[in-house]
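Reviewing the structure listed below.
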Amino acid sequence: GVLQEIDLVQLDRVPLNVVLGLDVSESVNGERLEHLQSAGTSLLRGLQKDDRAALLTFSHAVRLRQELTPDIALVQETLADVVPAGLTSLVDGTYGAIALSGSDVGRSLLIVFSDGVDTASFLAPDVVLQSARRSDVVVYGVAMRGRISPTFLKNLGEVTGGAVFEIESTKDLSQTFLRILAEFRQRYLLSFQPRGVSTTGWHRLEVRVKGRRGTVNARAGYQAGR
């Protein structure tokens, strides 16, 4: 509710930290696995010099396949070795991927893919949402369209300034992953020093474009203090 003054608008290219958090439960097999691996490879090939990537998978267990590295070819090789099995721990996997994305250099993008609902997580969704509020990562969810709405991924996108894409088929994965990467590269970075507000607690943010019409995607707010 307090108007803030923007100190900096950054348009320059900044290195990206791209984390793939991928569902490799038993249902992601055969053609679906091929499409997922192809989409991941396409995205990794779209990264540029100084960008880094990481891979985390989740089924009934969460596995760190490769931590953030500039060796993109290594991440591609690791992705090619994935074997689906077990149930789906979407919430637990997302929590691990958010923790993995933290870095002092570059801007962090997390892409979470799942082809179904969570069937194996221990953590509550609210715990992960609170963690996302304290992080700098922008989360994009990709989910198969079905009878159940991907509410958890939608909430993550809203909190972090990302979005959710619901696809009809895994054939659309490569196009969707590349669309997310292209959109993320075109973002502006706005910086400000909070003035006239409390130095602790959750602060809601609303970003508007003055005198023009447009759709703005931005973080829902920030967590101040400890």
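Just so we're clear, the structure is a prediction, and the values are computed from it rather than from any experiment.
In this structure, the side chains of L110 and L156 stay at 4.5 Å or more apart for every pair of heavy atoms. With contacts defined as side-chain heavy-atom distances shorter than 4.5 Å, the pair R63/V24 does not qualify. With contacts defined as side-chain heavy-atom distances shorter than 4.5 Å, the pair L36/D115 does not qualify. Counting heavy atoms from C-beta on, the side chains of Q4 and L205 never come closer than 4.5 Å. Residues V62 and Y95 form no side-chain contact, since every pair of their non-hydrogen atoms from C-beta on lies 4.5 Å or further apart. A heavy-atom distance below 4.5 Å is found between the side chains of V142 and I180. Side chains of V14 and L189 form no contact here, defined as non-hydrogen atoms less than 4.5 Å apart. Looking at E77 and L74, their side chains come closer than 4.5 Å, going by heavy atoms from C-beta outward.
The side-chain contact (heavy atoms from CB on, under 4.5 Å) test with D118 is passed by exactly one of D92, V91, L87: V91.
The CD atom of Q186 lies 10.0 Å from the CG atom of L181; values are rounded to the nearest 0.5 Å. From N17, atom CG reaches atom CG of D50 across 11.0 Å, with rounding to the nearest 0.5 Å. A distance of 10.5 Å separates CZ of R107 from CZ of R185, quoted to the nearest 0.5 Å. In this structure, OG1 on T200 lies 8.5 Å from CD on Q223, to the nearest 0.5 angstrom. Expressed to the nearest 0.5 Å, how far CZ of R45 lies from CG of L178 amounts to 11.0 Å. L123 CG to T94 OG1: the interatomic distance, rounded to the nearest 0.5 Å, is 10.0 Å.
Between D23 and S25, the side chains place a donor N or O and an acceptor N or O closer than 3.5 Å (distance only, hydrogens not considered). In the model, T170 has no side-chain atom that pairs as donor or acceptor with a side-chain atom of R32 under 3.5 Å.
Criterion: ILVMFWY side-chain heavy atoms under 4.5 Å apart, direct or through other members. Under it, V19 and L55 are not part of a common hydrophobic cluster. At a threshold of 4.5 Å between side-chain heavy atoms, the hydrophobic network of Ile, Leu, Val, Met, Phe, Trp and Tyr places L68 and I111 in two separate groups. Hydrophobic clustering (ILVMFWY, side-chain heavy atoms < 4.5 Å, transitive): V164 and L43 are in distinct clusters. Placement of L20 and I167 within a single hydrophobic cluster is found when ILVMFWY residues are connected by side-chain heavy-atom separations under 4.5 Å, directly or transitively. Hydrophobic clustering, with ILVMFWY side chains joined whenever heavy atoms are under 4.5 angstrom apart, groups L109 together with I72.
Although no hydrogens or angles enter the test, the distance criterion places no donor-acceptor pair under 3.5 Å between the side chain of S108 and the main chain of D136. Not one N or O on the side chain of S38 forms a donor-acceptor pair closer than 3.5 Å with the backbone of H35. Between the side chain of T119 and the main chain of T88, a donor-acceptor pair closer than 3.5 Å is present. The main-chain N or O of T78 is never found under 3.5 Å from a side-chain atom of D81 such that the two would form a donor-acceptor pair.
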**Study point:** Intermediate values then yes/no, side chain to side chain contact (heavy atoms under 4.5 Å, CB included), R187 and N217
**Key:** CA-CA 9 Å; R187 289 188 165 223; N217 286 334; 3.8 Å; yes
Exercise for review: Could you check T160 against R219 for side chain to side chain contact (heavy atoms under 4.5 Å, CB included), going step by step and ending with a plain yes or no?
Suggested key: CA-CA 5 Å; T160 64; R219 296 186 68 89; 4.0 Å; yes
Review point. Step by step, would you call R133 with L129 a side chain to side chain contact (heavy atoms under 4.5 Å, CB included)?
Key: CA-CA 6 Å; R133 282 179 166 183; L129 291 173; 5.7 Å; no
Exercise for review: Output, in order, the C-alpha distance, side-chain angles, deciding distance and verdict of side chain to side chain contact (heavy atoms under 4.5 Å, CB included) for L79 and L22.
Suggested key: CA-CA 10 Å; L79 177 60; L22 305 180; 3.8 Å; yes
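Here the closest heavy-atom approach between residue S121 and residue L90 is recorded as OG-N, 3.5 Å. Minimum heavy-atom separation, I98 to S131: CG2-OG, 3.9 Å. Between R145 and E166 the shortest heavy-atom distance is NH2-O, 3.2 Å. Taking both residues in full, the closest heavy atoms of S89 and A120 are given as CB-C, 4.0 Å, listed atom of the first, atom of the second, then distance. The two residues R204 and E206 have their closest heavy-atom pair at NH1-OE1, 3.8 Å. Of all heavy-atom pairs between S149 and K154, the closest is OG-NZ, 3.0 Å.
Applying the 6.0 Å contact sphere to CD of E67 captures no more than 12 heavy atoms from other residues, nucleotides or ligands. In this structure, Q175 places its CD atom where only 12 or fewer heavy-atom neighbours from other residues, nucleotides or ligands lie under 6.0 Å away. Around atom CD of Q130, more than 12 heavy atoms belonging to other residues, nucleotides or ligands sit under 6.0 Å away. Summarising the local packing, CG of L8 is surrounded by more than 12 heavy atoms from other residues, nucleotides or ligands at distances under 6.0 Å.
Sorted by first and then second residue, the ring pair (Phe, Tyr, Trp, His ring centres under 6.0 Å) pairs with a member in residues 197-226 read H203-Y222; sequence neighbours excluded.
Using bins of under 30°, 30° to 60° and over 60° for the plane-to-plane angle, the ring pair Y140/F184 lands in the perpendicular bin.
A salt bridge does not link D172 with R179: none of the charged nitrogens is closer than 4.0 Å to a carboxylate oxygen.
Listed by chain and number, the residues in a side chain to side chain donor-acceptor pair (under 3.5 Å) with R13 are Q48, D51 (sequence neighbours excluded). Residues passing the side chain to side chain donor-acceptor pair (under 3.5 Å) test with S191, sequence neighbours excluded: none.
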